[in-house]
Amino acid sequence: MALTKTQFGYRRHPDQDRAGANIAEYAVVVVGAGPVGLSLAIDLAQRGQSVVLLDDADRIGEGSRAICFSKRSLEFWDRLGIGQRMVDKGVVWSVGKIFHGEQQLYQFNLLPEQGHKRPAFINLQQFYAEAYLVDRVGELPAIDLRWRNKVTGLEPRNDHVALTIQTPDGPYRLNAQYVIACDGARSSLRQMVGAEFAGQVFEDQFLIADVKMTAAFPTERWFWFDPPFHAGRSALLHKQPDDIWRIDLQLNRFADPAVEKLPENVRPRIARMLGHDKFDFEWISLYKFQCRRMNKFVHGRVIFAGDAAHQVSPFGARGANSGLEDAENLAWKLDRVLRGTSPEALLESYHTERSAAADENIRESTRSTDFMAPNSHQEARLRKAVLSLAKETEFGKRMVNAGRLSTPSIYETPLSTADGDSWRGGPRPGASMADAPVAGPGGEPMFLTEAFIHAGTRFTLLEFGNGAAVEVPEGVGTVRIGDGGLADAAGLAVARYDAEPGTAYLLRPDGYVAARFRHPTREGLNAALARAAGHN
């Protein structure tokens, strides 16, 4: 049975009865209980921080919205304790096919190699993801989730932020050391700090229809240019759980949204595509592409994440996944700042790293949009030529852009230590850790990403044995391969890390590489650790 809507009751909180100098004070207030805000709150809570999580609504389940969640997001959710539940419900896929008219141009596999715990992508309606995250929040006493609590005022102070919050019982106030705005594309907090988006809004419109039907289509991403059932435009088909299929149809930019969304007008379009009308509608919506971001993600003690900070088109699954990358990037840094183990300046690296990632996503999203919806006769002629070349040549196929799928960001960041040794491969500083199958001391099968979780998702040294072991700094976890540690029976860990005897990788708490060494020294480790923690 599909989860269509979950509603939560408003509860009056004792903070609402406090007044004057007795206003409640908290370390962190997260605004917005979507996937980004929920995930950020859980990560902080698991690191020992208390979090107040506010949302102005009291329900989830208003349409499927985001559906494609990446391998990187699933690995993050594994660290939050809910990755397996997402995969169990989701539709796993890695293959995509591109068509021009009725002819298949080519297909691709986003994860052709074996030996990873998580698939390239799953398709899962956002309301399921949110429901599972809310369930996880309910297991963590450190998170205080308050529904129908809308932030209506924000006053930055030297050492805190004063918030005014409206509820069904009237307003009340809170003070927070830090406020994290995860309140979406129409962020009211963004307006309160006087920041606006800069970027581009595309005029072409796209119709989304989630339809329920029984179909024999494979679990693949199918994209059409100029299909016979929707001449001159593009179309996309994705499978979701519960026999729900996501269909995106490009419309004329002058189409009337109110008219196009009427089920009696959508049904003939879908029937032409499917060749039958044995389906029911679950959700119908229209959208325009937007590729925009804030100039700064950090405004003093107010920090922005997810759609509140940046927006991209949905093609390429870069919206929700990039927001989740924001959350995992920010949580460990804010935790260290609150504990006093890193300076407040570490938070500036959140903006440095994630604004660059937003720029990359916007570039890719804009290129996809320009290819799928040409803005001029010249762009249209170029696309026609590329599609023609793609039928005959490999380089033509590589030029086709139907939405380049989300990949983990690679950070050019002051937190990384530049390579001092020669490397033939492996994840470089600023890249996310690679997964690989290993075996525990008792021969039990596991993955490197799981070993990282067991090490405490803190700064962790990944060591490859048969070299001189280095003294590990206090507070740093270890994962050792060989020499009585984990076994690399398949040899994939050594291959994926270009490891030699004595090789070591210093991993950040979000699983990104801070530094790597052929033969680490305590002095070199200390310097890399200090840099990655924001002390340099």
- Steps toward side chain to side chain donor-acceptor pair (under 3.5 Å) verdict (N109, S94): CA-CA 5 Å; N109 190 335; S94 63; 3.0 Å; yes
- Should K97 and E220 be marked as a salt bridge (charged side-chain N to carboxylate O under 4.0 Å, His left out) after you check the CA-CA gap, both sets of side-chain angles, and the distance that decides it? CA-CA 7 Å; K97 292 178 179 176; E220 300 169 345; 3.2 Å; yes
- Apply side chain to side chain donor-acceptor pair (under 3.5 Å) to N329 and E325, showing your working. CA-CA 6 Å; N329 187 290; E325 287 188 35; over 6 Å; no
- Task: Take E353 and S409 through the test side-chain contact (heavy atoms from CB on, under 4.5 Å) and record every step on the way to the result.
- Result: CA-CA 9 Å; E353 294 176 355; S409 301; over 6 Å; no
- Where do M433 and F452 land on the side-chain contact (heavy atoms from CB on, under 4.5 Å) test, with the steps shown first? CA-CA 10 Å; M433 68 178 294; F452 176 65; 4.0 Å; yes
- Item | Audit row: V31, I180, side-chain contact (heavy atoms from CB on, under 4.5 Å) steps and yes/no | CA-CA 6 Å; V31 181; I180 315 302; over 6 Å; no
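Screening F223, W224, Y106, F225 against F99 for a ring-ring contact (aromatic ring centres under 6.0 Å, His included) leaves a single residue, W224. When each of R79, R508, E75 is paired with E328, the side chain to side chain contact (heavy atoms under 4.5 Å, CB included) condition holds for R79 and for no other. Checked against W222 for a ring-ring contact (aromatic ring centres under 6.0 Å, His included), the options W245, F108, F217 give a single hit: F217.
Note that the OG1 atom of T393 and the CZ atom of R398 stand 8.0 Å from one another [nearest 0.5 Å]. In this structure, L53 CG and L145 CG are separated by 5.0 Å, a value rounded to the nearest 0.5 Å. How far OG of S234 is from CZ of F371: 11.0 Å, rounded to the nearest 0.5 Å. Atom CD1 of I270 and atom CZ of F229 lie 9.0 Å apart (nearest 0.5 Å). Going from atom CG of L286 over to atom CD1 of I208 covers 8.5 Å, rounded to the nearest 0.5 Å. Atom CD1 of I67 sits about 7.0 Å away from atom CG of D210, to the nearest 0.5 Å.
A distance-only check finds no donor-acceptor pair linking the side chain of D43 to the backbone of S39 [under 3.5 Å]. Formation of a donor-acceptor pair under 3.5 Å by the D326 side chain with backbone atoms of G306 is found in this model. At distances below 3.5 Å, at least one donor-acceptor pair connects side-chain atoms of Q205 with backbone N or O atoms of A255. With H116 contributing its side chain and E113 its backbone, the two residues share no donor-acceptor pair below 3.5 Å. For the pair D58 (side chain) and Q7 (backbone), a donor-acceptor distance under 3.5 Å is absent. Remark: side-chain polar atoms of Y497 are paired, donor with acceptor, to backbone N or O of A434 under 3.5 angstrom. Here the side chain of T413 pairs a donor or acceptor atom with the backbone of L415 at under 3.5 angstrom. Remark: the backbone N or O of T352 is not paired with any side-chain donor or acceptor of S349 at under 3.5 angstrom. The closest donor-acceptor contact from the side chain of N321 to the backbone of R72 lies at 3.5 Å or more, if one exists at all. In this structure, S187 contributes its side chain and A185 its backbone to no donor-acceptor pair below 3.5 Å.
Using a 4.0 Å cut-off between charged nitrogen and carboxylate oxygen, R363 and D359 do not count as a salt-bridge pair. Ion pair E412/R428 flagged as a salt bridge, since at least one NZ, NE, NH1 or NH2 atom sits closer than 4.0 Å to an Asp/Glu carboxylate oxygen.
Heavy-atom neighbours of K384 NZ from other residues, nucleotides or ligands within 6.0 Å: at or below the threshold of 12. For R11, the CZ atom counts as loosely surrounded, since its 6.0 Å shell holds 12 or fewer non-hydrogen atoms of other residues, nucleotides or ligands. Heavy-atom neighbours of N265 CG from other residues, nucleotides or ligands within 6.0 Å: above the threshold of 12. The neighbour count for Q114 CD, taken as heavy atoms of other residues, nucleotides or ligands under 6.0 Å away, does not exceed 12.
Side chains of D248 and Y287 form a contact here, defined as non-hydrogen atoms less than 4.5 Å apart. When side chains are defined from C-beta on, L251 does not count as touching R233, because their heavy atoms never get closer than 4.5 Å. For the pair K117 and L74, the minimum side-chain heavy-atom distance is 4.5 Å or more. In this structure the side chain of T449 never reaches within 4.5 angstrom of the side chain of R118, judged on heavy atoms. Contact annotation: the side chain of I143 never approaches that of L44 to less than 4.5 Å [non-hydrogen atoms, C-beta and beyond]. Side-chain contact between R354 and L330 is absent, with no heavy-atom pair separated by less than 4.5 Å. With contacts defined as side-chain heavy-atom distances shorter than 4.5 Å, the pair R246/W283 qualifies. Looking at P408 and Y512, their side chains come closer than 4.5 Å, going by heavy atoms from C-beta outward.
Checking R292 against Q290 by side-chain atom types alone, a donor-acceptor pair falls below 3.5 Å. A donor-acceptor contact under 3.5 angstrom links the side chains of Y128 and D242, judged on distance only.
Aromatic rings from W77 and Y132 are positioned such that their centres are separated by 6.0 Å or more.
The cationic group of R267 lies under 6.0 Å from the six-membered ring centre of F279 and within 45° of the ring axis, placing it in a cation-pi geometry. Cation-pi geometry between R190 and F304 is not met at under 6.0 angstrom from the ring centre and within 45 degrees of the axis.
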